[in-house]
Amino acid sequence: MIRYVLHRLIVFCIRLAIAAIILVTLIEVGYCVFGGSDTHVWEIAISEDLDRVFPDGGFVANLKTRILQSSFVILIAYGGTLVVGYAWGILGARLRRFRARLILAAPWTIFACAPAFWCVVCVAIFSFFQWKRPGFADDLVVETGPDILQWWNAAVVALPLLAVAASWQLRAVAGVLEKEASQPFVTGLFLSGYRDEDIFHRNIAKRSGKQLISLFDQTLPFILGGLIVSEWAFHYEGMGALAVDAVKSASYLGIFIAGMWSAVLIGFAEVVRELVCQEKRRVV
């Protein structure tokens, strides 16, 4: 097992290196070839470049704050996606005779069909008239007790991302289970006198375990990509907004930091999935 973990970590590092090379190449081509910039990636002045996205200084402190802010959004959006997607997906597959998958996915799908950007804009407009400023009521500071306002702000940003991701996760989970339920052995067990509930939990769900585990990180790239639109529209100071600010101010390092932060999270989730699947294979 240790040998396999080391192998996956080496692959993880190689993937990050490839992602860094691709990202640097895209920055160079985008700004120097298509954008006509005279400053190449290897010629940037680090302090001047970072001042474009961190004009107040304090690069490390500001970066930590942005990572923490985006972590709240990801925790709500990704955690909610897993809870709703797996719970409702299993329930939809369990009640497959009543087409429960379509019924349970309907509210999320309807919300997801509306462009997330316009939903974000509507809430941002409401906050402007409610609090007389775009984004959030940043002048409100919680001095005592838990900072519920911070979680509320993150939840509003995460809501559009959660709706679309949960809709996909729900249908994917139910699809895997329903596909397994259509296998011939299920009919044989049913004709042999086994109850549908026992067949589903002891056979269908157990045999689909590996495939279900392989789905848990599939929505993470979308959520991280959606942060760019959602955080920027809400004036939410996170890593997604950092990517937009860096592009607008031509900060090469800002773009690189935001891109590599997403690559690290996606790569880490993939390593966890591979390790869990490997451990399950050994147990079976």
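Just so you know, these numbers use all the heavy atoms, side chains as well, and skip hydrogens, waters and symmetry mates.
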> Measure the shortest side-chain to side-chain distance between V33 and E28 over non-hydrogen atoms and say whether it is less than 4.5 angstrom.
no
> What's the spacing between L6 CG and I10 CD1 if we round to 0.5 Å?
6.5 Å
> Short question: side chain of S208, backbone of I204 - any donor-acceptor pair under 3.5 Å?
yes
> Counting only heavy atoms not in F190, do more than 12 fall under 6.0 Å of its CZ?
no
> Quick one: do the Q69 and Q150 side chains pair a donor with an acceptor below 3.5 Å?
yes
> Is it the case that over 12 heavy atoms from other parts of the model lie below 6.0 angstrom from the CD atom of Q183?
yes
> Would you say D49's side chain and I44's backbone share a donor-acceptor pair under 3.5 angstrom?
no
> Pair L212, L177 - check side-chain contact (heavy atoms from CB on, under 4.5 Å), show working.
CA-CA 8 Å; L212 294 178; L177 292 171; 4.0 Å; yes
> Are the side chain of S192 and the backbone of G188 linked by a donor-acceptor contact shorter than 3.5 Å?
yes
> In this structure, which one of I257, I46, V53 forms a side-chain contact (heavy atoms from CB on, under 4.5 Å) with F59?
I257
> Looking at CZ of R273 and CD1 of I213, how far apart are the two atoms once the value is rounded to the nearest 0.5 Å?
10.5 Å
> To check you understand the geometry: which heavy-atom pair defines the closest contact between L170 and A105, and what is its length?
CD2-CB, 3.9 Å
> Show the numbers, then the answer: is there a salt bridge (Lys or Arg N to Asp or Glu O under 4.0 Å) between E178 and R96?
CA-CA 7 Å; E178 290 179 2; R96 56 193 179 279; over 6 Å; no
> Applying a strict under-4.5 Å side-chain criterion to I, L, V, M, F, W and Y, I'd like to know whether I74 and L68 cluster together.
yes
> Using a 3.5 Å distance criterion without hydrogens, assess whether the side chain of E270 forms a donor-acceptor pair with backbone atoms of D217.
no
> Any luck finding a side-chain donor-acceptor pair between R66 and S70 under 3.5 Å?
no
> Counting C-beta onward and ignoring hydrogens, is there a side-chain heavy-atom pair between I90 and F200 closer than 4.5 Å?
yes
> Are any side-chain N or O atoms of Y31 and backbone N or O atoms of V247, one a donor and one an acceptor, separated by less than 3.5 Å?
yes
> Side-chain contact test, heavy atoms from C-beta onward, threshold under 4.5 Å: evaluate it for F54 versus L242 and give yes or no.
yes
> Do any N or O atoms from the side chain of Y236 and from the backbone of L227 form a donor-acceptor pair under 3.5 angstrom?
no
> Please check if the side chain of E180 supplies one atom and the backbone of V176 the other of a donor-acceptor pair under 3.5 Å.
no
> Sub-3.5 Å donor-acceptor pair from the side chain of S167 to the main-chain atoms of V164, do we have one?
no
> Kindly indicate whether the side chain of I76, heavy atoms from C-beta on, has any atom under 4.5 Å from the side chain of W151.
yes
> Report yes if the side chains of V11 and R8 come closer than 4.5 Å at any heavy-atom pair, otherwise no.
yes
> Indicate the atoms forming the closest heavy-atom contact of V156 with P160, along with that distance.
O-CD, 3.5 Å
> For the pair S251 (side chain) and L50 (backbone), establish whether a donor and an acceptor sit closer than 3.5 Å, ignoring hydrogens and angles.
no
> For H7, look at atom NE2 and say whether over 12 heavy atoms of other residues, nucleotides or ligands are found less than 6.0 Å away.
no
> Considering only heavy atoms from C-beta outward, does the side chain of Q211 approach that of L215 to under 4.5 Å?
no
> If you define the side chain from C-beta out and look only at heavy atoms, does anything of E237 sit under 4.5 Å from T65?
no
> Would R202 and Y194 count as a cation-pi pair here, with the cationic atom under 6.0 angstrom from the ring centre and within 45° of the axis?
no
> Check whether any side-chain heavy atom of V84 sits under 4.5 Å from a side-chain heavy atom of Q169, and report yes or no.
no
> List the atom of A243, the atom of A258, and the distance in Å for their closest heavy-atom pair.
CB-CB, 3.8 Å
